[in-house]
Structure formats: structure tokens, C-alpha cells
Amino acid sequence: MATIAEQLTGVRARIEAACRAAGRSPDEVALLAVSKTFDASAVLDAARAGQRAFGENYIQEAVDKMAAVHALVPDLAREFAWHCIGPIQSNKTRLVAEHFAWAHTVDRLKIAQRLSDQRPAHLPPLNICIQVNVDGGVNKSGASPDDALDLVRAVLQLPRLALRGLMAIPEPAPDFAAQLAMHQRARALFDAIAASGAAGLAQWDTLSLGMTGDLEAAVAAGSTLVRVGSGIFGARSYGPQADRALSQKL
Ligand SMILES: *Cc1c(COP(=O)(O)O)cnc(C)c1O
């Protein structure tokens with residue numbers, strides 16, 4: 001079985017090839033290692049191979065993992081950026097505000113407001129992406145594209161947040177063309193908001209799109225940050241169905 005370091009090298013090569021194919025520079029696309037369900041030792045393996053940005057879905061699991069990593073390697077742990085990429089319920093906003101550098105899954109003002117109110121004064125503003133539901137799945141999280149600009153304008157008023165861009169999780173699509181079409185919807189919305197002239201968009205620079213299965217299409221559409229889990233850490237011991245069930249419980 002390939003090691004985490006080997007898998008990371010493979011994923012970085014995929015990103016570089018996708019950038020070349022799209023006529024983009026590889027340093028326009030950051031890699032977020034999605035370590036949900038994997039333990040602190042897996043995070044450290046990736047960190048020893050140069051990875052510093054980690055994505056987590058389950059907030060309590062993530063906070064426990066951060067503490068474990070910090071206890072093992074305090075100096076290295078200070079270099080990490082933890083990104084919350086799972087659903088954020090109201091009763092979890094404080095943990096997100098206190099422990100994460102980024103939250104990608106803000107899809108309503110109430111959650112943004114709480115994150116801003118609860119962001120500790122000694123930390124820099126929390127980096128935010130607005131999650132948008134680009135394929136219209138009825139039970140999916142994400143703001144509707146029609147509401148995104150209003151939400152952007154409201155979030156820009158919140159003092160302890162730094163609004164960075166959009167995030168989307170399109171349904172798995174059968175081929176590259178179908179994946180690209182969905183990612184391009186997010187890209188078009190990203191560009192439209194950038195062109196809207198909304199005051200305070202100075203840091204509007206992040207399009208969080210693409211996972212293990214569709215990162216090439218995401219890069220082709222303009223992703224600046226791909227979120228890769230199984231491609232780095234291997235198969236998770238429970239699937240998206242159980243992921244959702246667990247996230248409801250947490
Ligand atoms: C789990 C997850 C990922 C990583 O998925 P892989 O297919 O394992 O790469 C990316 N983004 C989000 C929001 C996730 O929940």
C-alpha cells in the first residue's frame with residue numbers, strides 16, 4: 001500500500017498536470033488535505049511530507065485531533081491551518097470560531113453572525129467561504145446562487161470575518177464534461193460577485209472546488225483550493241451516507 005507521503009506526491013502531480021492542461025500556474029491551486037476520520041498520526045505523516053492545511057468535517061472530532069497534534073508536536077502544530085468543511089450547526093459555531101482558521105460552509109447569515117461574534121479577539125479574522133448549492137440538490141446545504149450576493153454583502157459587514165470566496169460540493173457526475181459544467185457554475189458566480197462592486201471584496205480570492213474524484217475538472221474551471229481526502233489518506237472506514245448521519249449527531 002502506498003504511504004501517505006507517496007499519495008500526497010501523487011495528488012500534487014495530478015494538480016500540476018491539471019494546471020498545465022488548463023494553462024494555469026500550479027501555485028494558483030492550494031491543496032487542502034481532508035483528514036476527517038483519520039487520526040493525529042495520519043495528520044503528522046502528511047505534515048512530515050510538507051502538508052500544512054487540513055480540512056475537517058466533524059467539529060468535535062477535529063478539535064480533539066488538534067489537541068492531540070498539539071501535544072505531540074507543538075512547534076509544528078503552530079504552522080497548521082485547520083479548515084472547517086463540514087456543516088456548521090448553531091451550537092457548534094463557538095468551537096469553529098475558537099479553533100479554526102477557515103470555515104468553508106457558511107450558507108446563512110445567522111451562522112456567519114455567530115462566528116463573527118464568537119471569534120476570539122487574539123486571533124485574526126476567521127476566513128470564510130460561502131457555500132453555494134450549484135446543482136440545486138433539494139436536501140443539500142449551500143445558499144442558492146440567487147441568494148449568494150445578498151449573503152456576501154451581509155457577511156462583508158461582519159467585523160471578525162474575512163470573506164474569501166465560494167465553496168461548492170457538486171453531486172458526483174459521470175464524466176469530466178459533466179463535472180466541469182457544475183464547477184463552471186460556481187466559477188461564474190464567483191466572477192459575478194467579484195464584478196458586483198460590493199464594497200470590501202479586497203480578499204475575494206478563493207474558489208474551494210474539487211475533491212479526489214473531480215479535482216482536474218475543478219482546476220479547469222478555476223478552483224484555487226482543492227479538498228482531497230481519500231486520494232491522500234486512503235478510503236475512509238465509513239462512506240458519505242454515514243458521514244451525514246454522524247454529522248447530524250455531532
Ligand atoms: C470528505 C470531503 C472531501 C474529501 O473527499 P474525497 O473524495 O475523500 O477527496 C472534500 N470536501 C468535503 C466538503 C468533504 O466532506
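Just follow the structure's listing: the first ligand is 1, and inside any ligand the first atom is 1. It should be emphasised that the depicted structure is a prediction, and the values quoted were computed from it without experimental measurement.
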Parallel, tilted or perpendicular: which one describes the rings of F80 and F54, with boundaries at 30° and 60°? tilted
Between I15 and R24, is any pair of side-chain heavy atoms under 4.5 Å apart? no
Tell me whether M211 shares a hydrophobic cluster with I4, the cluster being built from Ile, Leu, Val, Met, Phe, Trp, Tyr side chains joined at under 4.5 Å. no
Give a yes/no on ligand 1: does H104 have at least one heavy atom closer than 4.0 angstrom to it? no
So which bit of M167 gets within less than 4.0 Å of ligand 1, heavy atoms only: side chain, backbone, both or neither? side chain
hydrophobic_cluster_shared for M182 and L180, side chain cutoff 4.5 Å: no
Carboxylate-amine/guanidinium proximity below 4.0 Å for D39 and K65: no
Only heavy atoms of V228, strictly under 4.0 Å: list the atoms of ligand 1 that pass. 9 (O)
Ignoring hydrogens, just give me the one of S230, A235, P87 whose non-hydrogen atom is nearest atom 7 (O) of ligand 1. S230
Could you tell me which atoms of ligand 1, counted from 1 in the order shown, lie closer than 4.0 angstrom to a heavy atom of I169? 13 (C)
Going by the order shown, which atoms of ligand 1 are within less than 4.0 Å of some heavy atom of G229? 4 (C), 6 (P), 8 (O), 9 (O)
When you check the side-chain N and O atoms of R114 and T93, is any donor under 3.5 Å from an acceptor? yes
Can you list the ligand 1 atoms lying under 4.0 Å from a non-hydrogen atom of I85? 11 (N), 12 (C), 13 (C), 14 (C)
Check: of H83, K36, R227, min heavy-atom distance to atom 2 (C) of ligand 1 comes from K36
